[in-house]
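Since the structure is predicted, the reported quantities are computational estimates derived from the model, not experimental observations.
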Amino acid sequence: MIQTRGGKPKFYVHYEEFNKRLDEWIEAERIDLTREVEWPAPEKPEKKKAAPPKNEKSTSKADQKNLKRSRSQVERDLSGTPDSTNANLPNKPARPSKAGGKENGELLVTSEIADGTTPKPDDEELDVVDIQDAAAAAKAIPDHLYSREDEIEKLRTSGSMTQNQTEIARVRNIEKVQMGKYEVEPWYFSPYPVDFIDVDMVYICEFCLSYYGDVTQFERHRSKCTLLHPPGNEIYRDDFVSFFEIDGRRQRTWCRNLCLLSKLFLDHKTLYYDVDPFLFYCMCTRDEHGCHLVGYFSKEKESAEGYNVACILTLPQYQRKGFGKLLIDFSYLLSKREGKLGSPEKPLSDLGLLGYRAYWQEIIVDMLMDGRVEANIEDLGAATAMTTNDVLHTLQNLNMLRYSRNQHVVVLTDAVIEQRERQKAKEKIKGKRTIDPERLIWKPPVFSAASRTWNW
């Protein structure tokens, strides 16, 4: 793919067998045209199954030809129109006449059922529609075509904006983002204004999340911006982080800006327009300049499926520092206060799945090692606010389920204990941050019917 960006032609590069987050736009100077192209080695053909004897092959082909002749002859007799299309072509099977339309199709189906035979690939030549054209058309059409009403209903129940597969396939449109003291390369496409395609850097205010394509405009905004923290209620604070609760209905502009930012790093699931039915819980670090956004998770005000997280993201500049685990832990702490079992919305991204698996394993193994709960799935779920499916999935991954005396038994294996001990040793060296439930000042919010629905 070639585009003129910044007055120069640039090429979009995707690296095979690597995630889309590594895609990039490169200039022509980076392409070495003097070297020969190294084509990938052809894949080895799969070993074919033992072929049947030749006499059986010839018999089956003869049967196929006889079947085709009989079908075409019956169709010509019924339609009353001679099939002259392929009559004079040698080695070409007869095609059914288009006359009679629906009746021919019904006869063809009933004859197949009556014969009790499964048509072979060669029999597809009998279809009126060109198979190759149909296959190409099927690839071009998305799996599901959503009307506006269906789309709104889907968004209402799933919390995910990306329903069309073509949205997922869109290429990255932003080169770099400056947010605070960090410069970040985005991973995916985000629907920022089209004018930002030609700029080298998009400047984002780390407090109000407004975006600018020109540094002069950004500096003018920073001189006037008075916001020092996310525009919501601070419901948790310790010596390390703070959490703010923001209602998407009351702070639409800020939440939309947050979703545009998160779409740069979430490929398949995000919300960036109608944020009214969602609550956003933002984690920040504090210093003398204000509260700096580290990550967030969104949550439906009323989830039919019982999800406690719709989207979750730790910004790339803060990843691999333990913040993701704090976000997950905080989401389950809110579920415990609500007295409900919670689970993240599926499907999870690759990094999200890794984070949740690590968290589930750590919490469950610690509880079993400390003897805080009995070793059964229901008690583990009730103590951790996890759903039964998530607990079962974790135990299966750890190979901790055994079948004995007509029932499943949870077994804490030596391998799992050794792995957890090694992890604890690393945590002592690096230090581990945790959420203190006593510092949470929050009651489950109650919303009216109007505030829980989409404002369309």
Side-chain angles (χ1 to χ4, degrees), residues 236 238-241 243 281 283 285 294-295 297 306-309 312-314 316 318-337 340-405 407-440:
Y236 178 90
D238 60 21
D239 298 334
F240 187 51
V241 296
F243 276 89
Y281 295 90
M283 180 170 60
T285 57
V294 170
F297 66 88
Y307 293 134
N308 65 353
V309 166
I312 185 168
L313 172 71
T314 303
Y318 296 103
Q319 289 182 1
R320 301 187 63 82
K321 297 181 180 179
F323 289 109
K325 191 172 292 185
L326 291 180
L327 279 172
I328 297 172
D329 196 18
F330 192 78
S331 69
Y332 280 105
L333 177 58
L334 297 185
S335 295
K336 291 176 183 177
R337 285 288 178 94
K340 299 178 181 178
L341 302 182
S343 180
E345 182 185 335
K346 313 299 189 302
L348 291 166
S349 64
D350 53 350
L351 296 180
L353 181 59
L354 291 175
Y356 266 96
R357 276 183 179 172
Y359 174 80
W360 290 335
Q361 292 177 9
E362 178 182 323
I363 297 299
I364 291 175
V365 172
D366 281 350
M367 282 201 163
L368 292 176
M369 290 177 64
D370 298 342
R372 283 179 277 171
V373 294
E374 292 186 8
N376 64 69
I377 296 174
E378 288 75 14
D379 289 349
L380 285 172
T384 59
M386 299 179 191
T387 61
T388 304
N389 287 337
D390 291 339
V391 174
L392 189 62
H393 172 77
T394 305
L395 295 176
Q396 288 174 342
N397 275 345
L398 294 174
N399 195 24
M400 291 172 57
L401 279 182
R402 299 289 187 273
Y403 192 73
S404 174
R405 296 179 183 178
Q407 63 180 357
H408 289 283
V409 179
V410 179
V411 178
L412 191 59
T413 62
D414 293 337
V416 172
I417 295 176
E418 291 176 4
Q419 180 184 2
R420 182 62 187 133
E421 293 295 343
R422 289 195 299 267
Q423 190 176 357
K424 285 183 177 181
K426 291 181 180 179
E427 291 172 354
K428 288 182 179 179
I429 298 174
K430 295 182 179 180
K432 180 185 177 182
R433 303 284 183 177
T434 57
I435 297 293
D436 183 5
E438 300 297 328
R439 294 177 180 266
L440 175 63

Pair E362 + K424, salt bridge at N-O below 4.0 Å: no
Whether K430 side chain and K428 backbone form a donor-acceptor pair below 3.5 Å: no
Check against side-chain contact (heavy atoms from CB on, under 4.5 Å), V410 and L401: CA-CA 5 Å; V410 179; L401 279 182; 4.1 Å; yes
Spacing of CD belonging to Q361 relative to CG belonging to L395, to within rounding of 0.5 Å: 10.0 Å
Close side-chain approach of L327 to T314, heavy-atom, < 4.5 Å: yes
Parallel, tilted or perpendicular: rings of Y332 and Y359 (30°, 60°): parallel
Heavy-atom donor-acceptor pair, R433 side chain to K321 backbone, under 3.5 Å: no
Pairwise side-chain contact, L334 with N308, heavy-atom cut-off 4.5 Å (strictly under): no
Side-chain heavy atoms of L368 within contact of L380, under 4.5 Å: yes
Where N397 and R357 come nearest, the two heavy atoms and their spacing: ND2-NE, 3.5 Å
Criterion side-chain contact (heavy atoms from CB on, under 4.5 Å) on D238 and D436, from CA distance to verdict: CA-CA 8 Å; D238 60 21; D436 183 5; 5.8 Å; no
T387 to S343 - nearest heavy-atom pair and separation: CG2-CB, 3.7 Å
Close side-chain approach of I435 and D329, heavy atoms under 4.5 Å: yes
From M367 atom CE to T384 atom OG1, the distance as rounded to the nearest 0.5 Å: 6.0 Å
Mutual orientation of the aromatic rings belonging to Y281 and F297 [parallel < 30°, tilted 30-60°, perpendicular > 60°]: parallel
Any E421 side-chain heavy atom under 4.5 Å of M369 side chain: yes
Aromatic plane relationship, F330 with F243 - under 30° parallel, 30 to 60° tilted, over 60° perpendicular: parallel
Residues, nucleotides or ligands: over 12 heavy atoms within 6.0 Å of Q396 CD: yes
Side-chain touch M386/I364, heavy atoms, less than 4.5 angstrom: yes
Sidechain-backbone polar pair: Y236 side chain, V241 backbone, donor-acceptor under 3.5 Å: no
Non-hydrogen atoms of S335 and G342 that approach each other most closely: OG-CA, 4.1 Å
Heavy-atom side-chain proximity of P344 to D390 below 4.5 angstrom: yes
Closest non-hydrogen atom pair, P437 against L333: CB-CD1, 3.9 Å
Nearest heavy-atom neighbours spanning A383 and K336: O-CE, 3.7 Å
